[in-house]
Amino acid sequence: PFEGVAWTPRPPQGPPQGCFACIAKSPALRQASPILSPSSAVYLMESKSCKGDSLRPAVPCKHSVEKKTMTNPTTVIEIYPDTTEVNDYYLWSIFNFVYLNFCCLGFIALAYSLKVRDKKLLNDLNGAVEDAKTARLFNITSSALATFCIILIFIFLRYPLTDY
C-alpha cells in the first residue's frame, strides 16, 4: 500500500537534559540553545520522559548548583490527619435514641454520630468535626427536653392540678 514511499528514520535522541522546571517550559519561554555534547551533560539532570519529551532539544539547566544535592524520593508516605481525637458521641446517641427519644431528636443524633464514624474512616477531618458538633447539639437538646418532661411528669404526679 505504500509503494514508492521512502521511510527515513529520525536521528536517535536521548532523553531531554535539564531539570523539570527547565524542560517543562513552553518553547516560546525557553531560549534557543544548542544541543549539548554528552560530556557537557554531566551537570544536567535527566528526567523521566514520555513520547512527547523526546522531541524537545536539550536545554542547559540554570539550576545546576541545586542538582548536586537533590535526590529523587523513592518512597512516598501519605500522612493523614489524626481522626481518633474526634468524638462521635455514639453511646450517648444510642442512649438518647432508646430511652430519651424526645420528638425523634435521639434518632437524628444517632444518624449524625454514624456520619461522624463514616467521615473518620474516609479521613475527612473537617466534615467529621462539623457532624460531631451537630450530633452533640442534638444529644444535648434531646437529653435536656426529655429530662425536663420527666421532671414535669413527676411534679404533676406529686401535685395534681385538681388541688388548685
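In what follows, every heavy atom counts, from backbone to side chain, and hydrogens, waters and symmetry copies are set aside.
To the nearest 0.5 angstrom, K133 atom NZ is 13.5 Å from N87 atom CG. Distance check, rounded to the nearest 0.5 Å: CD of E85 to NZ of K120 gives 10.0 Å. Taken from CG in L161 to CZ in F156, the straight-line distance is 5.0 Å, to the nearest 0.5 Å.
When all heavy atoms are compared, the tightest approach of G127 to K119 is C-CD, 3.6 Å. Across all their heavy atoms, A132 and V86 have their closest contact at CB-CG1, 4.0 Å.
With sequence neighbours left out, I151 forms a side-chain contact (heavy atoms from CB on, under 4.5 Å) with T147, I155. Legend: residues meeting side-chain hydrogen bond (donor to acceptor under 3.5 Å, both in side chains) with T134, ordered by chain and number and at least two apart, are absent. Residues passing the side-chain hydrogen bond (donor to acceptor under 3.5 Å, both in side chains) test with S93, sequence neighbours excluded: S113, N139. Residues forming a side-chain contact (heavy atoms from CB on, under 4.5 Å) with I94 (at least two apart in sequence, or on another chain): Y90, V98, L110. Partners of L137 by side-chain contact (heavy atoms from CB on, under 4.5 Å), not counting sequence neighbours, listed by chain and number: T141. Taking N101 as the reference, nothing meets the side-chain hydrogen bond (donor to acceptor under 3.5 Å, both in side chains) condition, with sequence neighbours excluded. For F102, there are no ring-ring contact (aromatic ring centres under 6.0 Å, His included) partners two or more places apart in sequence or in a different chain.
Listed by first then second residue, pairs satisfying ring pair (Phe, Tyr, Trp, His ring centres under 6.0 Å) with a partner in residues 103-154 read F97-F107, Y112-F138, not counting sequence neighbours. Legend: salt bridge (Lys or Arg N to Asp or Glu O under 4.0 Å) pairs involving residues 87-107, not counting sequence neighbours, sorted by first then second residue: D88-R117.
Grouped by direct or indirect side-chain proximity (heavy atoms under 4.5 Å, Ile/Leu/Val/Met/Phe/Trp/Tyr only), I153 sits with L157. Listed by chain and number, the hydrophobic cluster partners of I140 are Y89, W92, where partners are ILVMFWY side chains within reach of under 4.5 Å, directly or through others.
No donor-acceptor pair under 3.5 Å is formed between the side chain of S142 and the backbone N or O of A109.
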(request) Mind running side-chain contact (heavy atoms from CB on, under 4.5 Å) on N96 and S143 for me, showing each step along the way? (result) CA-CA 7 Å; N96 281 340; S143 298; 3.0 Å; yes
(message) Evaluate D131 against D118 for side-chain contact (heavy atoms from CB on, under 4.5 Å), listing each step before the verdict.
(response) CA-CA 10 Å; D131 286 341; D118 291 342; over 6 Å; no
